[in-house]
Protein chains: 2
Amino acid sequence: MDKKDTGRTAVLLERVGRLINQEAHADGLQPVQWEALRYLDRANRFSRTAAALTAYLGLTKGTVSQTLKALEGKALIRKQQDKKDRRSNHLVLTARGRRQLDRDPLAATASALDSLPKPTQRALAAGLSEFLNSRLDAQQRQPFGQCSDCQYFARKHQDGNPHYCQLLKERLNAADSKAICFEQRPAD
Amino acid sequence: MDKKDTGRTAVLLERVGRLINQEAHADGLQPVQWEALRYLDRANRFSRTAAALTAYLGLTKGTVSQTLKALEGKALIRKQQDKKDRRSNHLVLTARGRRQLDRDPLAATASALDSLPKPTQRALAAGLSEFLNSRLDAQQRQPFGQCSDCQYFARKHQDGNPHYCQLLKERLNAADSKAICFEQRPAD
DNA sequence: CTATATAGTTTCGAGTCGAAACTAATAAGC
DNA sequence: GCTTATTAGTTTCGACTCGAAACTATATAG
């Protein structure tokens, strides 16, 4: 693979991104609105805030605020004020929001991926993940990896006890541990 | 790789697309404007029209018309009326347009790709290409492959002569043959 | 010689996005 | 305590993308 080839691959990435974006218009939702719903579905309870979503998407907070307003208007999410810090809101998927995710247009992408040969699938996933993380790192953006792959994650804190986050000093149940977290820092 | 994994990969694709799009804002040009310049740089002489670009991008002709107007306003392209069919214009990169391509923000993407391990690079390129073609096919969109990989391509039409396109009935020089074509249909 | 198809433009309205100014609540310095 | 950041989030504005639909002009088919 010489320089011309990687240029070719970069164009390929651009085109695939554009294609997916075009397919992501569905049910009257914008691509970025779908992305927000997906995020809220996968983020752990510490990460379901406008600030974390802003970091995840790499947009400005003003832009994200508008997206959330639109989603709230469609009754797909709800804002719930934090008891301790009354500046901040927890974003909650409504039942309707969860139902909306059943019609996620990204399912078409996933099923197209699924019809590729398994080794191709694995290579694609690994390559994309490596590329994404290297770019996020270069831009000093957070990786938003899984909680259980984090350096602050203590597995089975004490025997029989739940897992534990040494940064946020919080207990983590099984679901929490598989969710993505804005504070996540990959272990090694 | 089960269904959940492909869902994960689909999200990865979405995020990478979004990231590249964000990086693609440079020099006062919009991502789609860069994409048009790149297209015009790679398309053969039969494919450098608004109609072909419209098919390539998968947008409506009205939208593409605006993009081209903007590029013409910046003196990066020129429209040149076809002698035979006066409805249609040939799009020509100006010298300035060609110089603009030297500052293509996609170069950052390419160099990030280049720093991945070679096998990862190859797998990524192959996987993306396979995925893209399968989606384009599903949407009945043209693949815009290289002229020389086309079923209408006659290599060295007669000994010592240039290559030849059996669809457009035109001679093809070496550069033409490596360019992308809106009429391209992959051989087998 | 009219019908229709094709290449492209224009106008409009809805939406994304960043910049910057803004409110309100919390944390930090002294 | 009291002032001064800092942080969470909203609002407003302007530039831009995009699709839909109506439009012009040229070419082709019956």
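Chain letters run A, B, ... following the sequence lines, proteins first, then strands; residues in each count from 1.
Counting heavy atoms from C-beta outward, A/His163 and A/Arg171 have side chains that stay 4.5 Å or more apart.
Out of D/dT17, D/dC18, C/dA25, the shortest distance to the side chain of B/Leu59 is found at D/dC18.
Between A/Gln66 and D/dG9, a side-chain N or O to OP1/OP2 separation shorter than 4.0 Å is absent. Distances shown here put a side-chain N or O of B/Arg86 below 4.0 Å from the OP1 or OP2 atom of D/dA27. Not one side-chain nitrogen or oxygen of B/Lys61 sits closer than 4.0 Å to the OP1 or OP2 atom of D/dT24. Side-chain N/O atoms of B/Ser88 include none lying less than 4.0 angstrom from OP1 or OP2 on C/dA7. Put simply, A/Lys69 has no side-chain N or O that comes within less than 4.0 Å of OP1 or OP2 on D/dG9. Between A/Lys79 and D/dT10, a side-chain N or O to OP1/OP2 separation shorter than 4.0 Å is present. Listed pair B/Arg18 / C/dC17 meets the phosphate criterion, a side-chain N or O lying under 4.0 Å from OP1 or OP2.
No hydrogens or angles considered: a donor-acceptor pair under 3.5 Å links the side chains of B/Ser47 and B/Asn44.
Residue contacts shown for B/Asp82 are absent, as no nucleic acid heavy atom lies under 4.0 Å away. Counting any heavy atom pair closer than 4.0 Å across all strands shown, A/Gln33 reaches sugar-phosphate atoms only and no base atom.
A salt bridge links B/Glu35 with B/Arg38; the closest basic N to acidic carboxylate O contact falls under 4.0 Å. Residues A/Asp85 and A/Arg87 are paired through a salt bridge, judged by an N-O separation under 4.0 Å between the basic side chain and the carboxylate.
The interatomic distance linking A/Arg87 (CZ) with C/dC22 (C1') rounds to 16 Å, in whole Å. The nearest whole Å value for the distance from the NE2 atom in B/His90 to the C1' atom in C/dG8 is 14 Å. Rounding to whole angstrom units, NE2 of residue A/His25 and C1' of C/dG15 are separated by 9 Å. C/dT9 atom P lies 11 Å from atom CD of B/Gln81, rounded to whole Å. To the nearest angstrom, P of C/dG18 lies 11 Å from CG of B/Asn21. Distance B/Arg48 CZ to C/dA7 C1': 18 Å, rounded to the nearest Å. A/Lys83 has its NZ atom 13 Å from the P atom of C/dT26, to the nearest Å.
Residues A/Gln22 and A/Val64 both approach DNA chain D. Their nearest nucleotides, taken by heavy-atom distance, put A/Val64 toward the 5′ side. DNA chain C is contacted by both B/Thr49 and A/Lys84; B/Thr49 maps to the nucleotide lying nearer its 5′ end (nearest heavy atom per residue). Where B/Thr60 and A/Ala51 each meet DNA chain D at their nearest nucleotide, the meeting point lying more 5' is that of A/Ala51.
Judged by distance alone with a 3.5 Å cut-off, a donor-acceptor contact links the side chain of B/Thr63 to the base of D/dG19.
Listed for the A/Thr54 side chain is a donor-acceptor partner under 3.5 Å among the backbone atoms of A/Ala50.
Within 6.0 Å of the CZ atom in B/Arg45, the count of heavy atoms belonging to other residues, nucleotides or ligands exceeds 12.
With a 3.5 Å ceiling on both atom-pair distances, D/dT28 lacks any Watson-Crick or G-U wobble partner.
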